[in-house]
Amino acid sequence: MLIVQKFGGSSVANAERVYNVAKRVAETYKKGNDVIVVLSAQGDTTDDLIAKAKEISKNPSKREMDMLLSTGEQQSVALMAMALTELGYPCVSLNAYQVGMMTTSAYGNARLKKIKPDRIRRELDRKNIVLVTGFQGMNRFDDITTLGRGGSDTTAVAIAAALHADQCEIYTDVEGVYTADPRIVKEARKLNEITYNEMLELASLGARVLHNRSVELAKKYNVEMVVRSSLTQAEGTVVKEVCKVERMLISGVAGDDEIARVSLIGIEDTPGKAFDIFATLAKKNINVDIILQSIGRDNTKDISFTVQDTALEEVKAVIEENKERWNLKKADYNENLAKVSVVGAGMVANAGVASKMFEAMYDSHINIHMISTSEIKISVLIDKKEMHKAMNAIHDKFNIID
Ligand code: ADP
Ligand code: ASP
Ligand code: MG
């Protein structure tokens with residue numbers, strides 16, 4: 001069998017953990033499997049590198065940030081190769097350049113386009129355990145890119161798809177995908193399986209256990225993923241197209257506390273204004289999430305929308321540049337917000353879900369600022385400091401247990 005195993009930052013955080021992973025990898029190799037290992041940077045390395053950059057420059061170039069951040073993953077694969085060599089196993093470490101991991105050119109948030117599998121295949125034929133850097137790629141200018149925070153999961157799935165692996169295992173510091181972040185909701189329960197669509201929603205709505213693009217890719221190429229712990233032998237969660245068990249109404253609760261709201265007040269109430277505003281933001285690659293427009297009054301209207309808080313400075317600059325053209329009376333910003341969502345394929349045909357969620361907020365005296373719904377999720381925007389309380393209240397209300 002050809003098996004891809006990805007280990008996250010906490011799983012390789014120090015020498016002891018590196019050896020723990022090396023031994024697990026060796027177990028799989030000893031059974032006669034071909035093994036490709038994808039690694040993240042050790043522990044808080046990526047955060048530390050970002051902090052180092054901030055010491056030098058407030059607004060460093062995105063190209064140089066990727067040059068810097070990609071070094072974390074390179075350390076991990078080299079150290080793992082040394083550990084496996086000490087244990088007596090043949091192996092080789094490779095970076096994105098060496099495996100031809102081609103991406104778009106968007107530094108900091110690149111998308112994988114193609115992998116040239118030749119080098120990995122050659123190394124597997126030589127019976128090497130192949131250690132590949134997660135999170136990084138290269139663009140058509142031969143520059144290093146990164147895939148966005150948490151992007152090593154996506155590297156693993158892309159390699160599994162490109163080489164038609166039999167298994168893609170994502171090892172992390174929890175035993176699988178839970179009904180909510182087990183560090184926030186103590187009653188959260190591990191799921192045995194979850195569909196791509198539900199996992200995609202949870203990941204996109206803040207459950208950082210999987211990078212959302214990894215799930216997107218897995219769905220597209222039908223790669224079955226298993227999420228499990230690198231520290232225990234527990235079974236983990238299978239992420240796949242269809243689940244055997246009867247669907248629960250709700251599969252999980254997710255929270256995202258990196259949200260900022262922008263309110264544009266007193267916009268002229270004429271056709272084309274929303275188009276102009278959001279087209280201008282889209283041109284700058286700024287992703288907008290929830291949008292709310294007020295009913296027009298006195299020929300003016302207000303438009304509020306949310307963005308990732310890391311994009312707020314850029315949004316402010318765009319608004320500053322365009323405020324005269326848009327005849328803006330005022331712009332208002334709030335960074336102290338969080339989005340809490342309930343996800344489940346079973347809610348499509350169930351009218352009571354929204355009211356139950358709002359009741360949970362009411363019971364806990366939590367004020368809702370904005371609401372957004374789709375066929376399989378309902379999200380509310382609330383104050384950041386209430387996020388944990390809200391997640392627990394919703395989890396309780398829906399009684400998400402067996
Ligand atoms: P890694 O470094 O292994 O990629 P991450 O920190 O990116 O690990 O993701 C694992 C973390 O995701 C867990 O420690 C947990 O706190 C968090 N998490 C958030 N939502 C969930 C969920 N629904 N199920 C499991 N873990 C979750
Ligand atoms: N090291 C990167 C990060 O911290 C990628 C990853 O962990 O998947 O975001
Ligand atoms: Mg991760």
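First listed ligand is number 1; within each ligand, the first listed atom is number 1. The structure presented is a predicted model; accordingly, all values stated were derived computationally and were not measured. Residues take their numbers from the sequence shown, with the count starting at 1.
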Inset, instruction - Consider ligand 2: state whether an atom of it lies below 4.0 angstrom from any non-hydrogen atom of Gly72. - result: no
Inset, instruction - For Ile319 and Ala331, work out which heavy atoms get closest and say how close. - result: CG2-CB, 4.1 Å
Inset, instruction - Look at the rings of Phe7 and Tyr171 and say which category their plane angle falls in: under 30° parallel, 30 to 60° tilted, over 60° perpendicular. - result: parallel
Legend entry - ligand 2 versus Ser152: contacting region, heavy-atom distance under 4.0 Å: both
Legend entry - Thr46, any N or O under 3.5 Å of ligand 2 N or O: yes
Legend entry - Shortest protein contact, atom 7 (O) of ligand 2 (heavy atom only): Ser40 OG, 3.3 Å
Inset, instruction - Please verify whether a non-hydrogen atom of Gly150 lies at under 4.0 Å from ligand 1. - result: no
Legend entry - Electrostatic pair Arg24-Glu27, nearest N-O below 4.0 angstrom: no
Inset, instruction - Considering non-hydrogen atoms only, spot the tightest contact between Ile376 and Asn197 and give its length. - result: CD1-O, 3.8 Å
Legend entry - Shortest non-hydrogen contact between Ile382 and Ile366, atoms and distance: CG2-CG2, 3.7 Å
Legend entry - Nitrogen or oxygen of Gly150 less than 3.5 angstrom from that of ligand 2: yes
Legend entry - Any His211 heavy atom less than 4.0 Å from ligand 1: no
Inset, instruction - Give yes if a backbone or side-chain nitrogen or oxygen of Glu73 is under 3.5 Å from a nitrogen or oxygen of ligand 2, and no if not. - result: yes
Inset, instruction - Tell me which protein heavy atom sits closest to atom 8 (O) of ligand 1, plus the residue, atom name and distance to 0.1 Å. - result: Thr172 OG1, 3.2 Å
Inset, instruction - Using a strict cut-off of less than 4.0 Å between a Lys/Arg side-chain nitrogen and an Asp/Glu carboxylate oxygen, indicate whether Glu320 and Lys316 qualify as a salt bridge. - result: no
Inset, instruction - Heavy-atom contacts with Ala207 under 4.0 Å: which atoms of ligand 1 show up? List them by number with element. - result: 19 (C), 20 (N)
Inset, instruction - Write down the atom of Gly72, the atom of Leu49, and the distance for their closest heavy-atom approach. - result: N-CD1, 4.1 Å
Legend entry - Ligand-residue contact atoms, ligand 1 with Arg183, heavy atoms, under 4.0 Å: 13 (C), 14 (O), 15 (C), 16 (O)
Legend entry - Distance-only N or O hit between ligand 1 and Thr179, under 3.5 Å: no
Inset, instruction - Using a strict cut-off of 4.0 Å, indicate which atoms of ligand 1 neighbour a heavy atom of Gly9. - result: 2 (O)
Inset, instruction - Considering only non-hydrogen protein atoms, determine which one is nearest to atom 27 (C) of ligand 1 and report residue, atom name and distance to 0.1 Å. - result: Val209 CB, 3.6 Å
Legend entry - Close approach of Gly206 to ligand 1, heavy atoms, under 4.0 angstrom: no
Inset, instruction - Report yes or no: does Gly252 have a heavy atom closer than 4.0 Å to ligand 1? - result: no
Legend entry - Main-chain N/O of Met67 paired to Thr71 side chain as donor or acceptor, under 3.5 Å: no
Inset, instruction - Output yes when Glu216 and Lys219 qualify as a salt bridge under the 4.0 Å nitrogen-oxygen rule, no when they do not. - result: no
Legend entry - Subset of ligand 1 atoms that lie under 4.0 Å from at least one heavy atom of Lys6: 4 (O)
Legend entry - Check: Glu198/Thr195 side-chain N/O donor and acceptor closer than 3.5 Å: yes
Legend entry - Which residue and heavy atom of the protein sit nearest atom 15 (C) of ligand 1, plus the separation: Asp181 OD1, 3.4 Å
Legend entry - Shortest protein heavy-atom distance from atom 6 (O) of ligand 1, along with the residue and atom involved: Arg208 NE, 3.1 Å
Inset, instruction - Any atoms of ligand 2 less than 4.0 Å from a non-hydrogen atom of Arg149? List them with their elements. - result: 3 (C), 4 (O), 9 (O)
Inset, instruction - Could you tell me whether a side-chain N or O of Thr154 sits under 3.5 Å from a main-chain N or O of Ser214, the two making a donor and an acceptor? - result: yes
Inset, instruction - Quick one: closest heavy-atom pair of Ile259 and Leu381, and the distance? - result: CG2-CD1, 3.7 Å
Inset, instruction - Show which atoms of ligand 1 fall inside a sub-4.0 Å distance from at least one heavy-atom site of Asp173. - result: 10 (C), 11 (C), 13 (C), 14 (O)
Legend entry - Electrostatic pair Lys339:Asp257 at N-O distance under 4.0 angstrom: no
Legend entry - Nearest-neighbour protein heavy atom for atom 24 (N) of ligand 1, which is reported as residue plus atom name and distance: Tyr178 N, 2.9 Å
Legend entry - Contact atoms of ligand 1, heavy-atom distance to Gly176 under 4.0 Å: 24 (N), 25 (C)
Inset, instruction - State the atoms of ligand 1, each with its element, that fall below the 4.0 Å cut-off from a heavy-atom position in Val177. - result: 24 (N)
Legend entry - Exercise: identify the closest heavy-atom pair between Thr146 and Ser70: CG2-N, 4.5 Å
Legend entry - Ion pair Lys385/Asp383, N-O distance below 4.0 Å: yes
Legend entry - Val174 to ligand 1, any heavy atom closer than 4.0 Å: yes
Inset, instruction - Return yes when Ala180 approaches ligand 1 closer than 4.0 angstrom through a heavy atom, no otherwise. - result: yes
